[in-house]
Every structure is written in C-alpha cells, then in structure tokens.
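Before any comments, here is the structure.
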Amino acid sequence: MDKVVATALEAVADVPDGASLAVGGFGLSGVPNVLIQALYERGVGGLSVVSNNCGAMESGLAVLLAAGRIARVTGSYIGANKEFARQYLAGELEVELIPQGTLAERLRAGGAGIPAFYTPAGVGTQVAEGGLPWRYDGQGGVALASPPKEVREFEGTEYVLERGIRTDFALVRAARGDRHGNLVFNKSSRNFNPLAAMAGRVTIAEVEELVEPGEIDPDAVHLPGIFVQRVLALTPEQAADKKIEQRTVRS
C-alpha cells in the first residue's frame, strides 16, 4: 500500500514517447510542475495531453510545449500562451478545443467507467456539427477538422453525445497526501486535479505535504487512493515554488 516513490524521475520512468496524459491544474494553480520537469529531462516526446490549458509564463506544460514534445492537446483554453497559438496555426500541433464544463465531465466520466454522456453544451455549434479546426496546414487552411457528433432529443431539448476520456497516465498536484494515495487539494487546484487523476490508468501525484495513513480525516479526503498509483513527496523548496500569473495590488 506504500505508493511513495523516491524521485520525480523514478515516478515518470515508464512514461513512453506517444503516451496520453491527463494533467491537473488551472492556470498556474495546482500544476504538477516537478513531474512535468522530470518528463522534460527524460526527453519524452510525441505526447497527447488532456488539460484545461497548456501552461503559462514558461512553466507547467509550456516547458514541454516549447520543446516540441507535445503532439496533441485536448483542452478548453489557450489564453495568452503565444507559443501554443503559433504551433497551432503553423500546423505543428493538433488541438481539440471543447467547452470547459464538458472537458471536466469527460474526465470524470472516464474515471467513473462511463463511456459517454449527453450534454446540451455545444448543441447548434461546430462542437456538435463538426468543422472545428483540429489541425491547420500552416498556410491558413484546415488540414483536419472535428467530425460531427450524435445529437439526440430528450423531452424537447437537444443534447450532444460526448465521450469519456481515459489516458495512459495522469499527473496531478495535491496539497496533502498520504502513503496510500489519499489526496487533499487546496482551493482552486481542486478544479481539474481530481478529475485528471480519475482519468489516468496510472496516476502520479506530487504532494506538498506527505503524511502517514490515518492523519487525513476520511471526511477531508478529496480523492481516494484507489485512483492513485504513485506519490512523490516534494521538498519544502519545491512546495513553496508557486508563480503568480496576474499580480495586483490595491490602490
């Protein structure tokens, strides 16, 4: 039951080229930066990433993106990541953009063993009808577009069929975790981390504070250890290394 690994490189040692990854985080909050850096150091490439966004401010997944290690992204937000936009428009990166709530539910459904579900989000748009550019040809044309999805009516309302997401691995970051893999997330880092962890067939969690089994009240557990296969305890320096995307002060 002791799922703790000694180093980040050991934690990601079996992630191969071409693997699919669900990665937690929202903006700069709750991003598994240490595990991502370990993947970078290993030289792993051709990755298919499922994450809300693809890093920012040269941190998180932006490290892998800038190095050309990511082949495909499934997400809901590009934001101010200029390198993401450049690779997408140049045809170097395949991108599936989907509504944020749909992304969250696709991850949760996959982790819960639900192959597909119906949602009203996207009905009447290219999300359902197809034609969203997944890959450009580098000259302004579309090389690959999204296919149409099944639309069905329930009680007078149309819904589009969306498929659950399962990935080879998941990388997440938690505020606390025990040796059994039970995790607690802090505030907004709870948005996508539990869902990404559920979706991974092998889930690796970096934790800011490692505690012994029983120290976390069962009622306080946000994600049970059944979804987690490996736990990496961060050093105090790694745990404290948190960037701020938009720093504001009161006038």
Backbone of [Y] reached by a side-chain donor or acceptor of [X] within 3.5 Å:
| X | Y | answer |
| --- | --- | --- |
| Thr7 | Glu10 | yes |
| Arg42 | Val12 | yes |
| Asn193 | Phe185 | no |

Could you point out which residue of Glu209, Glu206, Glu208 forms a salt bridge (Lys or Arg N to Asp or Glu O under 4.0 Å) with Arg176? Glu209

Is there a path of hydrophobic side-chain contacts, each under 4.5 Å between heavy atoms of I/L/V/M/F/W/Y residues, joining Val34 to Leu21?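 Yes, it is one cluster - the side chains of Leu21 and Val34 are joined through contacts under 4.5 Å.
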
Can you give each donor-acceptor pair under 3.5 Å made by side-chain atoms of residues 214-221, sequence neighbours left out, with the distance rounded to 0.1 Å?
residue	atom	partner	partner atom	Å
Glu215	OE2	Glu212	N	3.1
Asp217	OD1	Asp219	N	2.8

Heavy-atom distance under 4.5 Å between the side chains of [X] and [Y], does that happen here?
| X | Y | answer |
| --- | --- | --- |
| Pro213 | Arg179 | yes |
| Phe117 | Leu161 | no |
| Arg201 | Phe169 | no |

Would you check, one step at a time, whether the test side-chain contact (heavy atoms from CB on, under 4.5 Å) holds for Asp168 with Val202? CA-CA 6 Å; Asp168 301 324; Val202 175; over 6 Å; no

Apply side-chain contact (heavy atoms from CB on, under 4.5 Å) to the pair Val73 and Ser51, showing each step before the final yes or no. CA-CA 7 Å; Val73 174; Ser51 186; over 6 Å; no

Evaluate Glu150 against Tyr118 for side-chain hydrogen bond (donor to acceptor under 3.5 Å, both in side chains), listing each step before the verdict. CA-CA 9 Å; Glu150 178 187 335; Tyr118 286 97; 2.6 Å; yes

Glu41 and Arg69 ion-paired at < 4.0 Å: no

Let me confirm one number: the [atom1]-[atom2] distance from [X] to [Y], rounded to the nearest 0.5 Å.
| X | Y | atom1 | atom2 | value |
| --- | --- | --- | --- | --- |
| Asn52 | Ser29 | CG | OG | 11.0 Å |
| Leu65 | Ile70 | CG | CD1 | 5.0 Å |
| Ile204 | Arg173 | CD1 | CZ | 15.0 Å |

Checking Arg190 against Ser188 for the side-chain hydrogen bond (donor to acceptor under 3.5 Å, both in side chains) test, could you report, in this order, the C-alpha distance in whole Å, the side-chain angles of both residues, the deciding distance, and whether it holds? CA-CA 5 Å; Arg190 191 177 173 185; Ser188 60; over 6 Å; no

Any donor-acceptor N or O pair under 3.5 Å, side chains Tyr88, Glu94: no

CD1/Ile226: more than 12 non-hydrogen atoms of other groups inside 6.0 Å: no

Can you confirm whether Glu153 is buried at CD, in the sense that more than 12 heavy atoms of other residues, nucleotides or ligands lie under 6.0 Å from that atom?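 Result for CD/Glu153: enclosed.
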
For Phe26 and Phe192, take the angle between the two ring planes, folded into 0 to 90°, and tell me which bin it lands in: parallel under 30, tilted 30 to 60, perpendicular over 60. parallel

Can you list everything that forms a side-chain hydrogen bond (donor to acceptor under 3.5 Å, both in side chains) with His180? Sequence neighbours excluded, please.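 His180: no side-chain hydrogen bond (donor to acceptor under 3.5 Å, both in side chains) contacts found.
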
